[in-house]
Participant: 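Have a look at this one.
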Amino acid sequence: MSRRYFGWIAVATLLLGAEAYGADAAAKGGIVKGTITIAGKPTADVVVSVEGVPPETAKARLAAAKSKKALIDQRDMKFTPFVLPVVVGTTVEFPNNDKSWHNVYSKSDVKSFDLGLYAPGKSRSQVFDKPGVVRVLCNAHPAMEAFIVVKDHPYVAAADKRGNFRLDGVPLGKFRLQVWHPQLGTTDTGVAIVRDGEVVDINFDLKKK
């Protein structure tokens with residue numbers, strides 16, 4: 001996977017519709033979904049979030065969440081997934097499913113930690129209690145790298161391998177849709193949910209200069 005720095009141009013297409021969606025999440029708000037590509041090719045290496053939701057609304061949604069656990073696997077000398085969105089207070093497990101000993105650490109300002117060197121078949125964990133981006137590395141294998149994007153609200157998701165993302169239960173109002181990429185940084189566009197059950201499609205194409 002290339003880590004070269006790309007310039008970017010974000011092309012956002014906004015299609016607002018009033019179609020009803022049967023899911024409970026949509027009934028209590030709207031859905032924001034779309035596809036993220038880089039130079040026309042789908043990418044999973046992005047985190048998409050709705051920013052600007054009132055804190056009291058976000059806190060109520062967070063309180064209703066059933067689990068604050070996530071996982072980054074260590075396999076084939078890689079961290080998987082490469083980017084992981086979590087909410088504040090999430091415990092991330094780092095199982096070693098390789099044949100080599102691994103170390104998981106970060107010197108990020110948001111969260112500095114070192115889980116030490118541990119053997120295949122073992123797992124260690126870390127709680128992420130502050131919003132921001134945490135770059136995760138292995139000091140035994142410098143090529144291993146991952147990013148954890150910590151948010152203080154639940155309106156966040158990673159794109160899948162086809163570049164698709166979906167955010168359910170976005171409350172009524174006008175907000176910012178933010179796309180974050182490890183090399184390209186962040187880009188934003190406006191998004192509005194004006195009625196329950198509304199579905200908003202927004203597509204971004206991030207391009208090389």
Participant: For T80 and D73, does a side-chain donor sit closer than 3.5 Å to a side-chain acceptor?
Facilitator: no

Participant: Would you name the heavy atoms of I72 and P95 that are closest together and state the gap between them?
Facilitator: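 In this case the closest contact between I72 and P95 is O-CD, 3.4 Å.
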
Participant: Between CG of N139 and CG of N103, what distance do you get to the nearest 0.5 Å?
Facilitator: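 CG of N103 is found 3.5 Å from CG of N139.
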
Participant: Less than 4.0 angstrom from a charged side-chain N to a carboxylate O is my criterion; do K59 and E56 meet it?
Facilitator: no

Participant: Tell me, do V199 and K33 make a side-chain contact under 4.5 Å, heavy atoms counted?
Facilitator: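 A side-chain contact under 4.5 Å exists here.
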
Participant: Report the C-alpha separation of K99 and M77 in whole Å, then their side-chain angles, then the decisive distance to 0.1 Å, and conclude whether the side-chain contact (heavy atoms from CB on, under 4.5 Å) test is met.
Facilitator: CA-CA 9 Å; K99 295 180 180 179; M77 309 299 281; over 6 Å; no

Participant: Taking V191 as the starting point, is it possible to reach V46 by hopping between hydrophobic residues whose side chains are less than 4.5 Å apart?
Facilitator: yes

Participant: How close do F147 and P182 get, heavy atom to heavy atom, and via which atoms?
Facilitator: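 Here F147 and P182 meet closest at CE1-CB, 3.7 Å.
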
Participant: Nearest 0.5 Å, please: how far is CG in L71 from OG in S123?
Facilitator: 7.0 Å

Participant: Working to the nearest 0.5 Å, report the span between CZ of R135 and OH of Y105.
Facilitator: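 Between atom CZ of R135 and atom OH of Y105 there are 7.5 Å.
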
Participant: With heavy-atom distances below 4.5 Å as the criterion, would you say the side chains of H181 and T187 are in contact?
Facilitator: no

Participant: Indicate if I148 and V179 have the same hydrophobic cluster label, given that clusters are the connected sets of ILVMFWY residues with side-chain heavy-atom separations under 4.5 angstrom.
Facilitator: no

Participant: Quick check against the 3.5 Å criterion: does N203 have a side-chain atom that pairs as donor or acceptor with the backbone of G34?
Facilitator: no

Participant: Before giving the answer on side-chain contact (heavy atoms from CB on, under 4.5 Å), spell out for L62 and D152 the whole-Å C-alpha distance, their side-chain angles and the decisive distance to 0.1 Å.
Facilitator: CA-CA 9 Å; L62 281 175; D152 57 3; 5.6 Å; no

Participant: Spell out, yes or no, whether F94 and L137 are grouped together once hydrophobic residues are joined by side-chain heavy atoms under 4.5 Å, including indirect joins.
Facilitator: no

Participant: Are any side-chain N or O atoms of S49 and backbone N or O atoms of E51, one a donor and one an acceptor, separated by less than 3.5 Å?
Facilitator: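 Side chain of S49 to backbone of E51, a donor-acceptor pair under 3.5 Å: no, none is there.
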
Participant: I'd like to know whether the aromatic ring centres of F113 and F128 sit less than 6.0 Å apart in this structure.
Facilitator: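 Yes, the ring centres sit under 6.0 Å apart.
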
Participant: Just by distance, do the side chain of D160 and the backbone of R162 share a donor-acceptor pair under 3.5 Å?
Facilitator: yes

Participant: Does the distance from a Lys or Arg side-chain N to an Asp or Glu carboxylate O, for D129 and K111, drop under 4.0 Å?
Facilitator: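 Result for this pair is yes, salt bridge flagged.
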
Participant: Could you check whether any side-chain N or O of D188 sits under 3.5 Å from a backbone N or O of R176, counting only pairs where one atom can act as donor and the other as acceptor?
Facilitator: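 It does not hold such a pair.
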
Participant: Can you tell me how far CZ of F79 sits from NE2 of H141, rounded to the nearest 0.5 angstrom?
Facilitator: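 Rounded to the nearest 0.5 Å, the NE2-CZ separation comes out at 10.0 Å.
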
Participant: Which atom names give the shortest non-hydrogen contact between V149 and V47, and what distance separates them?
Facilitator: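 Result for this residue pair: CG2-CG2, 3.8 Å.
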
Participant: So if you build clusters from Ile, Leu, Val, Met, Phe, Trp, Tyr with side-chain heavy-atom gaps below 4.5 Å, do V156 and V88 land together?
Facilitator: no

Participant: Looking at side-chain heavy atoms only, is the closest gap between V48 and I36 below 4.5 Å?
Facilitator: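 Yes. Closest side-chain heavy atoms under 4.5 Å.
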
Participant: Are the charged groups of E93 and K69 less than 4.0 angstrom apart, N to O?
Facilitator: no

Participant: Would you check if P131 and V110 make a side-chain contact, meaning some heavy-atom pair closer than 4.5 Å?
Facilitator: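 They are not in side-chain contact.
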
Participant: NZ of K68 to OG1 of T90: how many Å apart, nearest 0.5 Å?
Facilitator: 6.5 Å

Participant: Are the charged groups of R75 and D98 less than 4.0 angstrom apart, N to O?
Facilitator: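 No, R75 and D98 are not salt-bridged.
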
Participant: Is there a side-chain contact between V104 and V136, using heavy atoms and a 4.5 Å cut-off?
Facilitator: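 Touching, per the 4.5 Å side-chain cut-off.
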
Participant: Identify the heavy atoms of I31 and R166 that sit nearest to each other, and give their distance.
Facilitator: CD1-NH2, 3.2 Å

Participant: Between G163 and P42, which heavy-atom pair has the shortest distance, and what is it?
Facilitator: N-CB, 3.9 Å

Participant: Consider only side-chain heavy atoms of I, L, V, M, F, W and Y, link residues closer than 4.5 Å, and tell whether V133 and L84 are in one cluster.
Facilitator: no

Participant: Decide side-chain contact (heavy atoms from CB on, under 4.5 Å) for H102 and M144; before the verdict, give the C-alpha distance in whole Å, the side-chain angles of both, and the deciding distance to 0.1 Å.
Facilitator: CA-CA 10 Å; H102 281 308; M144 293 179 65; 3.2 Å; yes

Participant: I need the minimum non-hydrogen distance between A159 and F165, along with the two atoms involved.
Facilitator: CA-CB, 4.3 Å

Participant: What is the distance from atom CD1 of I193 to atom CD of E198, rounded to the nearest 0.5 Å?
Facilitator: 5.0 Å

Participant: Spell out, as yes or no, whether a donor-acceptor pair under 3.5 Å connects the side chain of H153 to the backbone of Y155.
Facilitator: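 Yes; at least one donor-acceptor contact below 3.5 Å.
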
Participant: Looking at T43 and D45, would you say the former's side chain and the latter's main chain have a donor-acceptor pair under 3.5 Å?
Facilitator: yes

Participant: Please tell me if the side chains of W180 and V83 come closer than 4.5 Å, counting only heavy atoms from C-beta onward.
Facilitator: yes

Participant: Taking side chain as C-beta onward, heavy atoms only, is L167 less than 4.5 Å from L177?
Facilitator: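 They are in contact (side-chain heavy atoms under 4.5 Å apart), so the answer is yes.
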
Participant: For V92 and Q126: C-alpha separation, side-chain torsions, deciding distance, then whether side-chain contact (heavy atoms from CB on, under 4.5 Å) applies.
Facilitator: CA-CA 5 Å; V92 179; Q126 180 65 52; 5.7 Å; no

Participant: Without hydrogens or angle criteria, can the side chains of Y118 and Q74 be said to hold a donor-acceptor pair below 3.5 Å?
Facilitator: yes

